[in-house]
Amino acid sequence: MVCVSPDARISLGCAGLWNDAQREGWKRIVDFIHSNSDAKVAIQLGHSGAKGSTRLAWDGIDQPLTDPAQCWPLLSASPQQYLDGVSQWSRAMSRADMDRVRDEFVAATRRAAEAGFDWLELHCAHGYLLSSFI
């Protein structure tokens, strides 16, 4: 999953597409693949929702960051913890939050097209933001 904003990340190690510098990095990768094969290249865009602000997988998958100063606020359809009694609490999204996140998905989609991706998938599964509305 490639995140649409810094607060859409699961961990500090997540890939992103929320700025033009990231778009250029992805473009180099996509151009390399296209120039060396007939393969099509997909990108999956998503937002962590209540599952975010956690450690890198090899440091404790789904476990909260140990330094509270590194944490970021979490959004979801309703207040929840991804892991009961363990995870940071998310807050319910306001209309303004929904509009902002929608705009972040649109901007990341445009950047993905500009980078030359052939296919787009929206991540709407297992605990991430969009699945919390399903």
Side-chain angles (χ1 to χ4, degrees):
M1 180 177 85
V2 176
C3 301
V4 299
S5 65
D7 67 341
R9 296 172 297 169
I10 300 164
S11 74
L12 293 169
C14 288
L17 192 51
W18 60 81
N19 63 47
D20 293 344
Q22 292 166 328
R23 178 198 61 213
E24 292 308 308
W26 286 112
K27 182 171 178 26
R28 285 191 303 276
I29 294 167
V30 172
D31 287 349
F32 178 83
I33 294 167
H34 284 157
S35 67
N36 289 283
S37 75
D38 293 328
K40 300 298 183 189
V41 186
I43 189 167
Q44 181 187 67
L45 296 178
H47 190 297
S48 65
K51 196 173 181 176
S53 200
T54 63
R55 295 182 224 169
L56 299 172
W58 50 88
D59 287 334
I61 191 166
D62 295 333
Q63 297 301 305
L65 290 167
T66 55
D67 180 357
Q70 289 185 317
C71 295
W72 51 91
L74 302 178
L75 300 172
S76 191
S78 60
Q80 61 177 290
Q81 288 181 296
Y82 180 68
L83 298 176
D84 289 334
V86 175
S87 302
Q88 177 181 328
W89 277 90
S90 64
R91 69 172 174 80
M93 293 177 77
S94 67
R95 178 77 252 169
D97 293 325
M98 291 179 201
D99 293 344
R100 178 181 56 84
V101 170
R102 176 204 59 215
D103 293 347
E104 291 167 349
F105 269 94
V106 169
T109 298
R110 287 190 176 125
R111 286 187 180 101
E114 292 164 359
F117 283 96
D118 301 298
W119 180 44
L120 169 71
E121 178 183 63
L122 298 179
H123 196 316
C124 301
H126 52 84
Y128 297 118
L129 179 63
L130 297 180
S131 72
S132 70
F133 286 90
I134 296 174

Trainee: Identify whether Ile33 and Leu120 are in the same connected component of the hydrophobic contact network (ILVMFWY, side-chain heavy atoms under 4.5 Å).
Mentor: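 Yes; Leu120 is reachable from Ile33 via cluster members.
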Trainee: Which heavy atom of Gln81 sits nearest to which heavy atom of Val86, and what is that distance?
Mentor: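 Of all heavy-atom pairs spanning Gln81 and Val86, the closest is NE2-N, 3.8 Å.
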Trainee: Spell out, yes or no, whether Leu129 and Val2 are grouped together once hydrophobic residues are joined by side-chain heavy atoms under 4.5 Å, including indirect joins.
Mentor: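 Yes.
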Trainee: Is it true that a side-chain atom of Asp118 and a backbone atom of Val41 form a donor plus acceptor pair closer than 3.5 Å?
Mentor: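 Yes: the side chain of Asp118 pairs with the backbone of Val41.
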Trainee: Working to the nearest 0.5 Å, report the span between SG of Cys71 and CD of Gln88.
Mentor: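 Nearest 0.5 Å value for the SG-CD distance: 5.0 Å.
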Trainee: With a 4.0 Å cut-off on N to O distance, would you call Arg55 and Asp62 a salt bridge?
Mentor: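 A salt bridge is absent here (no side-chain N lies under 4.0 Å from a carboxylate O).
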Trainee: Output yes when a side-chain donor or acceptor of Ser37 lies under 3.5 Å from a complementary backbone atom of His34, and no otherwise.
Mentor: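 Judged by distance alone, no pair lies under 3.5 Å.
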Trainee: Do Tyr128 and Leu130 belong together in a cluster built from hydrophobic side chains that touch within less than 4.5 Å?
Mentor: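 No, Tyr128 and Leu130 fall in different hydrophobic clusters.
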Trainee: With side chains defined as the heavy atoms from C-beta onward, is the minimum distance between Phe32 and Lys27 less than 4.5 Å?
Mentor: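 Not touching, per the 4.5 Å side-chain cut-off.
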Trainee: Distance only, no hydrogens: is a donor on one side chain within 3.5 Å (strictly under) of an acceptor on the other, for Gln80 and Ser90?
Mentor: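 Absent: no donor and acceptor within the cut-off.
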Trainee: I need the Met98 CE to Leu75 CG distance, nearest 0.5 Å.
Mentor: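 Nearest 0.5 Å value for the CE-CG distance: 9.5 Å.
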Trainee: Less than 4.5 Å apart, side chain to side chain, heavy atoms only: is that true for Asp7 and Arg100?
Mentor: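 When only atoms from C-beta onward are counted, Arg100 and Asp7 do touch, with a gap below 4.5 Å.
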Trainee: What I want to find out is whether Arg102 reaches Asp99 closely enough, with some N-O distance under 4.0 Å, to be called a salt bridge.
Mentor: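 Between Asp99 and Arg102 there is a salt bridge, with a charged N closer than 4.0 Å to a carboxylate O.
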Trainee: Under the side-chain contact (heavy atoms from CB on, under 4.5 Å) rule, what do Tyr82 and Leu74 come out as? Steps first, then yes or no, please.
Mentor: CA-CA 10 Å; Tyr82 180 68; Leu74 302 178; over 6 Å; no
Trainee: May I ask whether Ile61 and Leu83 are part of the same hydrophobic cluster, defined by side-chain heavy atoms of I, L, V, M, F, W, Y residues being less than 4.5 angstrom apart, directly or through others?
Mentor: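 In one cluster with Ile61: Leu83, no.
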Trainee: Stepwise, does the salt bridge (charged side-chain N to carboxylate O under 4.0 Å, His left out) test hold for Asp20 with Arg23?
Mentor: CA-CA 5 Å; Asp20 293 344; Arg23 178 198 61 213; 3.3 Å; yes
Trainee: Out of curiosity, Glu121 CD to Gln44 CD, how far, rounded to the nearest 0.5 Å?
Mentor: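 If I round to the nearest 0.5 Å, the distance is 4.5 Å.
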Trainee: Mark yes or no for whether Ser131, through its side chain, and Cys124, through its backbone, hold a donor-acceptor pair below 3.5 Å.
Mentor: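 Not a single qualifying donor-acceptor pair exists.
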Trainee: Any non-hydrogen side-chain atom of Leu45 less than 4.5 Å from a side-chain atom of His123?
Mentor: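 Side chain of Leu45 against side chain of His123, heavy atoms only: no contact under 4.5 Å found.
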Trainee: We want to know whether Glu104 and Ser5 form a side-chain donor-acceptor pair, criterion being a heavy-atom distance below 3.5 angstrom.
Mentor: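 Yes, because at least one side-chain N or O of Glu104 sits under 3.5 Å from a partner of the opposite role on Ser5.
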Trainee: Please answer: with hydrophobic residues joined when any side-chain heavy atoms are less than 4.5 Å apart, are Met93 and Trp72 in the same cluster?
Mentor: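 In one cluster: no.
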Trainee: Is a side-chain N or O of Gln22 found less than 3.5 angstrom from the main chain of Asn19, in a donor-acceptor match?
Mentor: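 Here the side-chain-to-backbone pair exists.
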